[in-house]
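As the structure is a prediction and not an experimental result, all values here were calculated from the model.
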Amino acid sequence: MKHVATHASIEHNPDAGYIDDRVIPSPLSLEQQQRFQEQEVLPIVKKLRASPEWHEVMAYGHLSESARARSLTATTLRGDGKIAIRPLKFFNADSTECIIVAHLGRNMCGHEGIVHGGLLATLLDEHLAYITLPSLPNYTGFTANLNVDYRKPVKAEQWVVIRGKLDRVEGRKAYANAWIETAADGTLLTEASALYISPRTDGPARSS
């Protein structure tokens, strides 16, 4: 199955402030405590943290506080049964590759026990922005085209790994690929390709 989406906009601000959940104390639910403990011992997490080729950054740290409060993935979809805790995010040295480790809960389904395809498309679209925007003018762009191929049903209540890689940049256009796999054994679940375009910065046309 293939899903095609167009014109989802996003802006990346590398200097924006953010609230760090691991710095500002907040009460955690029992589920959040459990997920945090699971996250810390995942083999993929240990591997990435030990590798000199990857550096960990705070997921959604590029958003301002107000933008984060209104973000679909950073706030609306967070909580027990959803994305219980903030995903872990890793970049390579030049930010052309990104890896995110996240847990998708029981309340994110289309069919019972199967994560909604629209959510997967959203996560992939957002991930593709992470690896294209740093290479575009003013760190700003919008999704001109998003193609998603659903390879296998994604079961809820599991840890997944989202990987993305920049393909090429042509002026104001950036092309990239991303995919979702199981954290347990790397089984490919869903993959996507996208074209991001940075808006023109030309001023208004002058009348002759």
Side-chain angles (χ1 to χ4, degrees), residues 3 10 18-51 54-63 67-92 97-131 148-165 178-192:
H3 169 83
I10 186 168
Y18 61 91
I19 298 175
D20 184 342
D21 286 346
R22 289 185 288 185
V23 173
I24 299 177
S26 60
L28 297 177
S29 68
L30 291 177
E31 178 176 343
Q32 289 172 325
Q33 294 177 43
Q34 177 183 346
R35 299 297 171 227
F36 183 80
Q37 292 170 357
E38 293 172 354
Q39 167 189 275
E40 295 302 293
V41 297
L42 288 172
I44 181 65
V45 172
K46 290 184 175 181
K47 180 179 179 180
L48 289 169
R49 285 177 170 168
S51 173
W54 296 94
H55 63 278
E56 186 173 359
V57 300
M58 184 61 58
Y60 312 118
H62 62 285
L63 297 176
R68 180 173 175 268
R70 293 168 176 78
S71 168
L72 176 64
T73 53
T75 300
T76 308
L77 296 178
R78 287 278 298 280
D80 287 0
K82 297 183 286 186
I83 302 175
I85 60 174
R86 186 197 296 257
L88 298 180
K89 184 177 181 181
F90 301 84
F91 274 112
N92 67 342
E97 295 184 50
C98 182
I99 299 176
I100 282 182
V101 181
H103 186 274
L104 304 181
R106 59 192 175 278
N107 297 332
M108 311 295 273
C109 299
H111 299 284
E112 175 114 16
I114 304 297
V115 176
H116 197 294
L119 172 65
L120 301 175
T122 297
L123 295 175
L124 286 164
D125 185 25
E126 187 171 77
H127 197 90
L128 287 156
Y130 295 152
I131 50 177
V148 182
D149 290 299
Y150 299 92
R151 301 303 185 188
K152 293 179 180 293
V154 179
K155 295 182 180 179
E157 289 295 292
Q158 71 163 317
W159 288 94
V160 299
V161 178
I162 310 173
R163 298 178 183 268
K165 186 174 184 179
W179 59 98
I180 301 174
E181 58 189 39
T182 60
D185 59 11
T187 298
L188 178 63
L189 301 171
T190 309
E191 56 186 340

K.L.:
Within the distance-only criterion (no hydrogens, no angle test), does the side chain of R86 pair as donor or acceptor with the backbone N or O of A59 below 3.5 angstrom?
P.N.:
yes
K.L.:
Would you check, one step at a time, whether the test side chain to side chain contact (heavy atoms under 4.5 Å, CB included) holds for L77 with M108?
P.N.:
CA-CA 9 Å; L77 296 178; M108 311 295 273; 4.0 Å; yes
K.L.:
What do the steps show when you test L72 against E126 for side chain to side chain contact (heavy atoms under 4.5 Å, CB included), and what is the final call?
P.N.:
CA-CA 10 Å; L72 176 64; E126 187 171 77; over 6 Å; no
K.L.:
When you look at NZ of K82, are more than 12 heavy atoms from neighbouring residues, nucleotides or ligands closer to it than 6.0 Å?
P.N.:
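For K82, atom NZ is crowded (more than 12 foreign heavy atoms under 6.0 Å).
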K.L.:
Here's a test for you: under side chain to side chain contact (heavy atoms under 4.5 Å, CB included), which of L123, L104, T190, L120 qualifies with V160?
P.N.:
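Answer after filtering L123, L104, T190, L120: L104.
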K.L.:
Between atom CD of Q158 and atom CG of L189, what is the distance when rounded to the nearest 0.5 Å?
P.N.:
6.0 Å
K.L.:
Counting N and O atoms only, with roles assigned by atom type, does the side chain of T187 sit under 3.5 Å from a partner on the main chain of T182, one being a donor and the other an acceptor?
P.N.:
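Flag not set: sc T187 to bb T182 has no pair under 3.5 Å.
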K.L.:
Of the non-hydrogen atoms in C98 and F91, which two are nearest, and what is the gap between them?
P.N.:
CB-CE2, 3.7 Å
K.L.:
Keeping the roles fixed (side chain from E31, backbone from G81), state whether a donor-acceptor pair exists under 3.5 Å.
P.N.:
yes
K.L.:
I want to check something: taking the side chain as every heavy atom from C-beta on, are Y130 and I100 in contact at a cut-off of under 4.5 Å?
P.N.:
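Sidechains of I100 and Y130: in contact.
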K.L.:
Mind checking the NZ-CD1 spacing from K155 to I114? Nearest 0.5 Å is all I need.
P.N.:
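It is 7.0 Å, given to the nearest 0.5 Å.
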K.L.:
What residues form a ring pair (Phe, Tyr, Trp, His ring centres under 6.0 Å) with W179, not counting sequence neighbours?
P.N.:
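W179 satisfies ring pair (Phe, Tyr, Trp, His ring centres under 6.0 Å) with no residue once adjacent residues are dropped.
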K.L.:
Stepwise, does the side chain to side chain contact (heavy atoms under 4.5 Å, CB included) test hold for W54 with N92?
P.N.:
CA-CA 5 Å; W54 296 94; N92 67 342; 4.1 Å; yes
K.L.:
Answer yes or no: are there more than 12 heavy-atom neighbours, outside R70 itself, under 6.0 Å from its atom CZ?
P.N.:
no
K.L.:
Are E157 and R35 within salt-bridge range, i.e. N to O under 4.0 Å?
P.N.:
yes
K.L.:
Please find the pair of heavy atoms, one from V148 and one from A121, that lie closest to each other, and give the distance.
P.N.:
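Reported closest heavy-atom pair: CG2-CB, 4.1 Å.
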K.L.:
Between atom CD1 of I83 and atom CD of Q32, what is the distance when rounded to the nearest 0.5 Å?
P.N.:
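Answer for the CD1-CD pair, I83 versus Q32, is 12.0 Å.
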K.L.:
To the nearest 0.5 angstrom, please state how far the CG atom of L28 sits from the CD atom of Q34.
P.N.:
12.5 Å
K.L.:
Out of curiosity, L42 CG to L48 CG, how far, rounded to the nearest 0.5 Å?
P.N.:
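Nearest 0.5 Å value for the CG-CG distance: 10.5 Å.
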K.L.:
Residues two or more places apart in sequence or in another chain: which of them pass side chain to side chain donor-acceptor pair (under 3.5 Å) with Q33?
P.N.:
none
K.L.:
Give the minimum heavy-atom separation between K152 and L188, together with the two atoms involved.
P.N.:
CD-O, 3.7 Å
K.L.:
Would you find a donor on one side and an acceptor on the other, under 3.5 Å apart, between the side chain of E97 and the backbone of K165?
P.N.:
no
K.L.:
Test R163 against E181 for side chain to side chain contact (heavy atoms under 4.5 Å, CB included), laying out the working first.
P.N.:
CA-CA 8 Å; R163 298 178 183 268; E181 58 189 39; 2.8 Å; yes
K.L.:
If you look at every heavy atom in R78 and T73, which pair is closest and at what distance?
P.N.:
CG-O, 3.6 Å
K.L.:
Which value, rounded to the nearest 0.5 Å, describes the distance between I44 atom CD1 and F90 atom CZ?
P.N.:
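It comes to 8.0 Å.
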K.L.:
Do you know which two heavy atoms are closest between H127 and G164, and how far apart they sit?
P.N.:
NE2-N, 3.2 Å
K.L.:
If you define the side chain from C-beta out and look only at heavy atoms, does anything of H103 sit under 4.5 Å from I85?
P.N.:
no
K.L.:
So which heavy atom on Y150 is nearest to which on G117, and how close?
P.N.:
OH-O, 2.8 Å
K.L.:
S71 side chain to A67 main-chain N or O, any donor-acceptor pair under 3.5 Å?
P.N.:
no
